[in-house]
Every structure is written in C-alpha cells, then in structure tokens.
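Structure first, then comments.
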Amino acid sequence: MLHDNLLQYRKMLRLSQEETAEKIGVSRQAYAKWEAGDTVPELKYCLALAALFGITLDDLVAERNLRLEGPPGKSVLGIVSVDENGIITLPEKALVRFGIRPGDRFLLLGDDRQGMALVPYDMYEQFARTILQAAEGED
C-alpha cells in the first residue's frame, strides 16, 4: 500500500531515496523505513510527499494494482470510470498536466488490440487541413 506507492512514485520521478528525503525535510534513513514498510510517515510528511509527487493524499495511501513506472513522458494519471450516461471523468492530474478545460474537444481513436486514445481535435483538424492542401497541390 503506502510503502509500495512511495517506491513507485519515487521511481516514476527518477528520484533517489536521498533526493526525496531532502525535498521533504527528513533523513534518508527515515524515508527508507517508510518505503520498506517498517514505519509510517506523519501526516505532514504524507502531505509533503503527495505534493512532491503531484498526486492526492488518497493516491498516495490507496492500495493500487497499477505499475506506475514508464518511459519518460509516459505515466499512469489515475483511474477513470464511465457513468450510466457514458460520460468519462478525467482525473484532475490529467486535466492540469494537459491543460484540459471545459469545452475542449477531442477525437477518440480506437484499436481493438491496444485500446483507445484521445487526441486534441485541433491537432486532428490541422493535420486534416495539411493533407487536403497537399492533395490540392497535386492537381
């Protein structure tokens, strides 16, 4: 749970235990004990860790079966659910990271084997215009 999340989020940010401990104002040994599950940090340190990792306190302490490690620029941003009307609510972390605002439009792409992807509609629209202009030039 908490100790697993500490390890995963720290690795995702490519921080050492020493760097992480320094950023929140504790010793490396204290942080190492938290990550090993030997002890649990005080609430003020949990809040500092959540802020450092850019997550909520719930994300920090929740039991998850997600692997958060990935190549640079790729990460797990949270879990989404679909309501009875087919509406998907994106996690706040994703909204902030990608600057998504109410009214923004996306193109939903699908691949039967790899899943779905959201592409900003403006990117798609610009790409389509480029193709159409290139086709006009061929005439």
Side-chain angles (χ1 to χ4, degrees):
M1 289 188 10
L2 172 64
H3 67 281
D4 294 323
N5 292 344
L6 290 173
L7 175 66
Q8 293 296 322
Y9 282 112
R10 178 178 63 77
K11 285 187 171 188
M12 189 171 70
L13 291 180
R14 298 175 184 257
L15 294 172
S16 67
Q17 286 185 341
E18 188 166 347
E19 291 168 324
T20 304
E22 184 178 301
K23 288 180 183 292
I24 62 165
V26 298
S27 69
R28 185 204 56 79
Q29 292 84 356
Y31 180 82
K33 287 180 180 180
W34 300 340
E35 202 171 274
D38 295 338
T39 61
V40 177
E42 295 176 31
L43 180 58
K44 69 179 181 178
Y45 295 119
C46 288
L47 291 169
L49 286 161
L52 173 65
F53 297 145
I55 59 174
T56 66
L57 192 55
D58 286 344
D59 290 332
L60 182 66
V61 299
E63 186 171 353
R64 305 252 190 257
N65 292 323
L66 298 175
R67 295 208 37 96
L68 300 172
E69 298 177 55
K74 298 184 187 274
S75 60
V76 174
L77 295 172
I79 297 172
V80 299
S81 59
V82 181
D83 73 11
E84 62 277 356
N85 297 314
I87 296 172
I88 297 173
T89 303
L90 299 175
E92 183 178 359
K93 187 176 4 175
L95 300 175
V96 171
R97 182 170 175 179
F98 293 101
I100 300 171
R101 305 226 183 318
D104 286 352
R105 298 185 316 158
F106 295 87
L107 181 67
L108 178 63
L109 304 175
D111 181 295
D112 289 346
R113 289 180 290 165
Q114 296 183 0
M116 298 181 289
L118 292 175
V119 178
Y121 182 76
D122 296 343
M123 271 177 83
Y124 167 75
E125 191 174 35
Q126 181 179 353
F127 177 68
R129 281 194 184 120
T130 302
I131 291 172
L132 290 173
Q133 288 170 352
E136 288 174 5
E138 291 178 6
D139 292 340

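If you read the sequence from its start, that first residue is 1, and numbering goes on from there.
At least one donor-acceptor pair under 3.5 Å links the side chain of Glu19 to the backbone N or O of Ser16. A donor-acceptor contact shorter than 3.5 Å is absent between the side chain of Arg28 and the backbone of Gln17. At least one donor-acceptor pair under 3.5 Å links the side chain of Asn5 to the backbone N or O of Ala62.
Closest of all the heavy-atom pairs between Pro41 and Leu2 is CD-CD2, 3.6 Å. Pairing each heavy atom of Cys46 with each of Leu60, the nearest pair is O-CD2, 3.3 Å. Across all non-hydrogen atoms, the minimal contact from Tyr31 to Leu7 is OH-N, 4.5 Å. Across Trp34 and Leu6, no two heavy atoms sit closer than the pair CB-CD1, 3.7 Å.
One hydrophobic cluster, built from ILVMFWY side chains closer than 4.5 Å, holds both Phe53 and Leu43. If you chain together hydrophobic residues whose side chains sit under 4.5 Å apart, Leu95 and Met116 fall into the same group. When hydrophobic clusters are built by joining Ile, Leu, Val, Met, Phe, Trp and Tyr residues whose side-chain heavy atoms come closer than 4.5 Å, directly or via intermediates, Ile87 is not grouped with Leu118.
Between atom CG of residue Leu52 and atom CG of residue Leu47 there is a gap of 12.5 Å, rounded to the nearest 0.5 Å. Interatomic distance, Tyr9 OH to Thr20 OG1, rounded to the nearest 0.5 Å: 14.0 Å. Rounded to the nearest 0.5 Å, atoms CZ (Arg129) and CD (Glu136) are 12.0 Å apart.
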